[in-house]
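Data block below; observations after.
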Amino acid sequence: MKGWGLLALLLGALLGAVWARRSQDLHCGACRALVDELEWEIAQVDPKKTIQMGSFRINPDGSQSVVEVPYARSEAHLTELLEEVCDRMKEYGEQIDPSTHRKNYVRVVGRNGESNELDQQGIRIDSDISGTLKFACESIVEEYEDELIEFFSREADNVKDKLCSKRTDLCDHALHISHDEL
């Protein structure tokens with residue numbers, strides 16, 4: 001009887017490790033897709049477009065403390081983007097790396113709305129995947145909204161690695177493989 005208990009314990013530990021890895025793959029993939037989408041959206045805004053920030057109160061000397069900042073990286077624009085960015089997760093599919101068996105999430109619908117079926121070999125696309133990815137994205141936005149706004153309010157290099165691996169620990173530090181590199 002002791003053998004069965006040990007076997008059940010080992011099986012439970014193994015299944016728990018597999019589930020944890022899948023959960024990490026999902027949250028890492030959602031974070032990386034979220035960063036891709038935000039970077040693309042920010043790049044679409046006219047760099048000359050600005051927004052007034054500050055207080056609209058009149059100071060005792062008659063002046064106002066208002067400054068103009070670039071709209072693309074303003075808190076107002078970033079907050080607006082964060083409200084809708086997770087809806088784009090329906091444009092992603094799941095790809096399993098044949099050597100590591102880790103899940104990656106790749107964009108399967110072009111920015112123009114057309115899909116490229118030639119590039120979709122080995123990519124699973126269905127509503128379960130997009131729904132799960134969207135839910136993971138929404139939970140990341142909810143938990144890390146301040147960090148996302150902080151990172152995207154200023155231009156930075158390697159945002160995926162800095163945000164998804166180092167700052168939030170959603171991605172394993174050893175797995176910085178971008179789906180652009182696959």
Side-chain angles (χ1 to χ4, degrees), residues 23-54 66-95 102-120 123-173 175-182:
S23 178
Q24 183 183 30
D25 288 351
L26 172 66
H27 285 88
C28 177
C31 184
R32 295 176 78 77
L34 172 66
V35 169
D36 279 344
E37 294 301 320
L38 290 172
E39 286 177 336
W40 189 84
E41 286 291 338
I42 289 168
Q44 301 312 300
V45 176
D46 180 355
K48 295 176 189 155
K49 187 173 181 179
T50 60
I51 186 172
Q52 290 187 340
M53 301 292 289
V66 178
V67 294
E68 286 200 5
V69 297
Y71 176 72
R73 294 187 181 275
S74 68
E75 186 172 345
H77 182 237
L78 293 173
T79 301
E80 181 182 307
L81 290 177
L82 289 174
E83 288 176 8
E84 60 194 42
V85 70
C86 294
D87 291 335
R88 293 196 193 84
M89 296 302 118
K90 69 181 179 277
E91 298 168 356
Y92 283 77
E94 179 181 88
Q95 183 178 50
R102 304 288 303 243
K103 293 179 182 179
N104 297 306
Y105 296 89
V106 294
R107 186 172 245 290
V108 294
V109 177
R111 302 282 183 197
N112 59 5
E114 295 177 16
S115 65
N116 184 352
E117 295 188 24
L118 293 176
D119 294 341
Q120 294 182 10
I123 299 173
R124 224 176 96 211
I125 306 164
D126 64 41
S127 60
D128 287 344
I129 290 169
S130 60
T132 304
L133 193 61
K134 180 181 178 190
F135 182 76
C137 176
E138 289 168 344
S139 67
I140 291 167
V141 167
E142 186 176 321
E143 187 171 347
Y144 297 106
E145 182 175 4
D146 293 340
E147 286 86 348
L148 288 162
I149 290 173
E150 176 190 335
F151 266 85
F152 284 100
S153 64
R154 52 183 164 46
E155 288 190 47
D157 294 331
N158 301 321
V159 175
K160 276 185 207 170
D161 292 337
K162 289 177 182 172
L163 183 67
C164 298
S165 294
K166 295 177 181 138
R167 185 66 171 267
T168 63
D169 211 23
L170 292 167
C171 295
D172 185 344
H173 296 293
L175 297 174
H176 292 357
I177 299 169
S178 166
H179 38 2
D180 301 331
E181 297 170 43
L182 294 175

Spell out, as yes or no, whether a donor-acceptor pair under 3.5 Å connects the side chain of Lys162 to the backbone of Asp157.
yes
query: Would a distance-only check, ignoring hydrogens and angles, find a side-chain to backbone donor-acceptor pair under 3.5 Å from Ser130 to Met89?
result: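 No, the answer is negative, given that no donor and acceptor are paired below the 3.5 Å cut-off.
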If you round to the nearest 0.5 Å, how far is [atom2] of [Y] from [atom1] of [X]?
X	Y	atom1	atom2	result
Ser74	Phe152	OG	CZ	14.0 Å
Cys171	His27	SG	NE2	11.0 Å
Trp40	Leu81	CH2	CG	11.0 Å
Lys103	Leu26	NZ	CG	7.5 Å
Leu82	Glu145	CG	CD	6.0 Å
Asp126	Ile129	CG	CD1	4.0 Å

- Query: Does atom CD of Glu39 have more than 12 heavy-atom neighbours from other groups under 6.0 Å away?
  - Reply: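 Yes, because the 6.0 Å sphere around CD of Glu39 holds more than 12 heavy atoms from other groups.
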What I'd like to find out is whether the side chain of [X] reaches to under 4.5 Å of the side chain of [Y], using heavy atoms alone.
X	Y	result
Leu163	Leu170	no
Tyr144	Arg167	no
Leu34	Leu148	yes
Val108	Lys90	no
Tyr71	Asp46	no
Glu41	Val85	no

request  = Give the C-alpha distance, both sets of side-chain angles, the deciding distance and a yes or no for salt bridge (Lys or Arg N to Asp or Glu O under 4.0 Å) between Asp36 and Lys160.
outcome  = CA-CA 8 Å; Asp36 279 344; Lys160 276 185 207 170; 2.7 Å; yes
Review point. Which is it for Leu78 and Ile42 under the side chain to side chain contact (heavy atoms under 4.5 Å, CB included) test, yes or no, and what are the steps along the way?
Key: CA-CA 8 Å; Leu78 293 173; Ile42 289 168; 3.7 Å; yes
For [X] against [Y], the heavy-atom pair lying closest together:
X	Y	answer
Ala30	Ile140	CB-CD1, 3.8 Å
Arg111	Glu37	NH1-OE1, 2.7 Å
Ala76	Ile51	CB-CD1, 4.0 Å

Quick note, salt bridge (charged side-chain N to carboxylate O under 4.0 Å, His left out) partners involving residues 129-144, not counting sequence neighbours, are Asp87-Lys134, Lys134-Glu138
- With sequence neighbours excluded, residues passing ring-ring contact (aromatic ring centres under 6.0 Å, His included) with Phe135: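 With sequence neighbours excluded, Phe135 shows a ring-ring contact (aromatic ring centres under 6.0 Å, His included) to no residue whatsoever.
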Residues passing the salt bridge (charged side-chain N to carboxylate O under 4.0 Å, His left out) test with Asp128, sequence neighbours excluded, are none
Show your working on side chain to side chain contact (heavy atoms under 4.5 Å, CB included) between Asp161 and Arg32 and close with a plain yes or no. CA-CA 8 Å; Asp161 292 337; Arg32 295 176 78 77; 3.5 Å; yes
message: When you measure from the SG of Cys86 to the SG of Cys137, is the result less than 2.5 Å?
response: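 Judged by the SG atoms alone, which are under 2.5 Å apart, Cys137 and Cys86 are bridged.
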> Does the Cys164 SG fall under 2.5 Å from that of Cys28?
Replying inline: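 No - the two cysteines, Cys28 and Cys164, have SG atoms at least 2.5 Å from each other.
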